[in-house]
Number of protein chains: 2
Amino acid sequence: MKLVWQRDSATVRDVYEALLGRRKIAYTTVMTMMKILETKGYLKKRRQERAFVYRPAHPKEKVIGKMIREFMDRVFNGSAEPLLVHLVRGKHIRERDLEKVRRMLEESK
Amino acid sequence: MKLVWQRDSATVRDVYEALLGRRKIAYTTVMTMMKILETKGYLKKRRQERAFVYRPAHPKEKVIGKMIREFMDRVFNGSAEPLLVHLVRGKHIRERDLEKVRRMLEESK
DNA sequence: CTTATAGTACTAATTAATTCGTATGTCAAG
DNA sequence: CTTGACATACGAATTAATTAGTACTATAAG
């Protein structure tokens with residue numbers, strides 16, 4: 001998914017070659033993965049020339065939002081607050097970013 | 001895991017009965033799950049009377065911290081800031097909780 | 001027309017996770 | 001001593017996810 005997002009659209013070959021850099025994998029494996037992502041509704045495909053070109057079916061923001069929500073549901077029974085607390089209190093986050101968040105919160109007041 | 005945390009310690013039977021409330025499941029299934037959690041280092045067991053009593057092997061905070069980090073790595077390539085931004089901007093979080101976070105941030109300044 | 005190439009479709013093998021059954025042991029009640 | 005309740009150990013069946021192979025098609029080069 002990330003790879004398709006980065007490129008906004010990508011063929012199986014594009015993704016295949018990008019993945020090859022990191023690990024050994026078969027071309028058809030990538031094909032299968034992308035087909036599954038398609039049937040699950042994360043990618044759309046469109047024939048272009050000989051090959052399929054895949055693009056995201058939904059805006060990235062939306063998908064990530066859904067992932068966050070699922071994570072929250074699973075780990076914190078759906079409430080965001082404890083997650084925030086962890087993030088702020090733990091050493092997950094750099095001081096510089098904290099400052100950014102402070103400002104954001106001020107604005108949205 | 002959640003169930004053991006809630007109880008601080010639990011037998012297979014405890015967990016089994018708690019799960020039964022939600023879905024049909026076999027006693028031995030729960031046993032296997034807990035044994036796996038043990039070999040993976042999430043639970044410790046200790047014989048008590050006839051049965052094993054399981055307790056968390058690590059403090060809950062620590063485990064959850066690890067899960068958050070893994071999630072961040074996977075989804076945001078390891079940086080916390082975009083996750084924060086999502087949480088604050090999206091409708092994941094109630095106004096009341098936002099206020100709490102604001103206060104926390106002020107204090108930790 | 002033949003062949004090499006790049007692609008898909010379909011199927012199959014592999015691996016990992018989940019769920020459960022059977023055999024067996026222990027203890028307390030009768 | 002026998003039986004029933006309750007436990008574990010071990011192995012196996014099931015299901016889901018991941019990875020890959022083979023057959024077939026279209027196209028462009030020669």
Side-chain angles (χ1 to χ4, degrees), chain A residues 1-58 63-64 66-71 73-75 77, chain B residues 1-58 63-64 66-71 73-75 77:
Chain A
M1 280 306 301
K2 277 199 216 164
L3 290 171
V4 179
W5 279 331
Q6 270 175 29
R7 291 163 174 68
D8 180 73
S9 83
T11 63
V12 171
R13 176 147 305 267
D14 294 334
V15 175
Y16 167 63
E17 277 165 8
L19 285 182
L20 257 193
R22 300 191 226 157
R23 62 196 173 104
K24 171 187 160 292
I25 193 169
Y27 181 91
T28 47
T29 304
V30 178
M31 234 189 52
T32 310
M33 287 189 324
M34 290 177 80
K35 191 161 21 189
I36 288 175
L37 284 175
E38 193 220 344
T39 59
K40 288 198 176 168
Y42 293 109
L43 293 177
K44 286 178 303 191
K45 75 180 169 187
R46 208 158 58 86
R47 189 143 229 149
Q48 188 166 306
E49 316 293 307
R50 312 223 271 103
F52 288 127
V53 174
Y54 288 87
R55 358 182 116 257
H58 307 289
V63 175
I64 290 195
K66 201 173 147 196
M67 294 177 74
I68 293 178
R69 198 175 314 269
E70 278 167 11
F71 181 74
D73 286 349
R74 189 161 53 81
V75 179
N77 300 309
Chain B
M1 279 306 301
K2 276 198 218 165
L3 290 172
V4 179
W5 278 330
Q6 270 174 29
R7 291 162 175 69
D8 180 73
S9 83
T11 63
V12 171
R13 176 147 303 268
D14 293 335
V15 175
Y16 167 62
E17 277 166 7
L19 286 181
L20 258 193
R22 300 191 227 155
R23 61 198 174 102
K24 172 186 160 293
I25 193 169
Y27 181 90
T28 48
T29 304
V30 178
M31 237 191 48
T32 309
M33 289 191 320
M34 290 177 79
K35 191 162 20 190
I36 288 175
L37 285 176
E38 192 219 343
T39 60
K40 289 198 176 169
Y42 293 109
L43 293 177
K44 286 179 303 192
K45 76 179 166 188
R46 207 158 58 85
R47 190 144 229 148
Q48 189 166 304
E49 316 290 309
R50 313 223 271 103
F52 288 128
V53 174
Y54 288 87
R55 350 181 121 262
H58 306 289
V63 175
I64 290 195
K66 201 173 148 193
M67 294 177 73
I68 292 178
R69 197 175 315 269
E70 279 168 9
F71 182 74
D73 287 348
R74 189 162 52 81
V75 179
N77 300 310

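So that the names make sense, note that chain A is the first sequence line, chain B the second, and so on, each numbered from 1.
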(message) In whole Å, I'd like the distance from the OH atom of Tyr54(A) to the C1' atom of dG7(C).
(response) 11 Å
(message) Within the 4.0 Å limit for protein heavy atoms, which parts of nucleotides 23-30 of chain D are touched? Write it as a string from 5' to 3', B for base, S for sugar-phosphate only, - for none.
(response) ----S---
(request) May I have the distance from Leu43(A) (atom CG) to dT8(C) (atom P), rounded to whole angstrom? (result) 13 Å
(request) Could you tell me which residues satisfy side-chain hydrogen bond (donor to acceptor under 3.5 Å, both in side chains) with Arg74(B), sequence neighbours excluded, listed by chain and number? (result) none
(message) Between P on dA17(C) and OH on Tyr42(B), what's the gap in Å once rounded to a whole number?
(response) 12 Å
(message) Tell me every residue that passes side chain to side chain contact (heavy atoms under 4.5 Å, CB included) with Arg7(B), counting only those two or more places apart in sequence or in another chain.
(response) Leu3(B), Ala10(B), Asp14(B), Ala18(B)
(request) Please list all pairs passing the salt bridge (charged side-chain N to carboxylate O under 4.0 Å, His left out) test where one or both residues lie in residues 19-28 of chain A, with sequence neighbours left out. (result) none
(request) Please identify each residue that fulfils side chain to side chain contact (heavy atoms under 4.5 Å, CB included) with Arg13(B), with sequence neighbours left out. (result) Thr11(B), Tyr16(B), Glu17(B), Tyr27(B)
(request) Calculate, to the nearest 0.5 Å, the distance between atoms CE and OH belonging to Met1(A) and Tyr54(A) respectively. (result) 12.5 Å
Could you list the donor-acceptor pairs under 3.5 angstrom formed by side chains in residues 35-50 of chain B, with sequence neighbours left out?
residue: Thr39(B); atom: OG1; partner: Ile36(B); partner atom: O; Å: 3.0
residue: Arg46(B); atom: NH2; partner: Gln48(B); partner atom: OE1; Å: 3.4

Under 3.5 Å, which protein N or O atoms sit close to an N or O of nucleotides 12-16 of chain C? Give each pair with its distance.
none

(message) Heavy atoms from C-beta onward define the side chain here; which of dC20(C), dT8(C), dT8(D) lies closest to that of Phe52(B)?
(response) dT8(D)
(message) Please compare Met33(A) and Arg47(B) by the position of their nearest nucleotide in DNA chain D and report the one closer to 5'.
(response) Arg47(B)
(request) Calculate the interatomic distance between Lys35(A) atom NZ and dT11(C) atom P; express it in whole Å. (result) 10 Å
(message) My understanding is that only residues two or more places apart in sequence, or in another chain, count here; which of them pass side chain to side chain contact (heavy atoms under 4.5 Å, CB included) with Ala26(B)?
(response) Thr28(B), Thr29(B)
(message) Rounded to whole Å, how long is the line connecting atom CD1 of Ile36(B) with atom P of dT19(C)?
(response) 10 Å
(request) Could you identify which residues of residues 2-27 of chain A place a heavy atom less than 4.0 Å from some atom of DNA chain C, listed by residue number, or say none? (result) Arg13(A), Tyr27(A)
(message) Just to verify, what does Lys2(A) make a side-chain hydrogen bond (donor to acceptor under 3.5 Å, both in side chains) with, not counting sequence neighbours?
(response) Asn77(B)
(request) Rounded to the nearest angstrom, tell me the gap between atom CE in Met34(A) and atom P in dT8(C). (result) 9 Å
(message) Tell me the interatomic distance from Gln48(B), atom CD, to dC27(C), atom P, rounded to whole angstroms.
(response) 15 Å
(message) Side chain of Thr29(B) only, heavy atoms from C-beta on: which candidate in dT19(D), dT22(D), dC20(C) is closest?
(response) dC20(C)
(message) Using every non-hydrogen atom in the two residues, find where Val12(B) and Met34(B) come nearest and quote the distance to one decimal.
(response) CA-SD, 3.8 Å
(request) Return the set of residues passing ring-ring contact (aromatic ring centres under 6.0 Å, His included) with Phe52(A) (not counting sequence neighbours), or none when no residue passes. (result) none
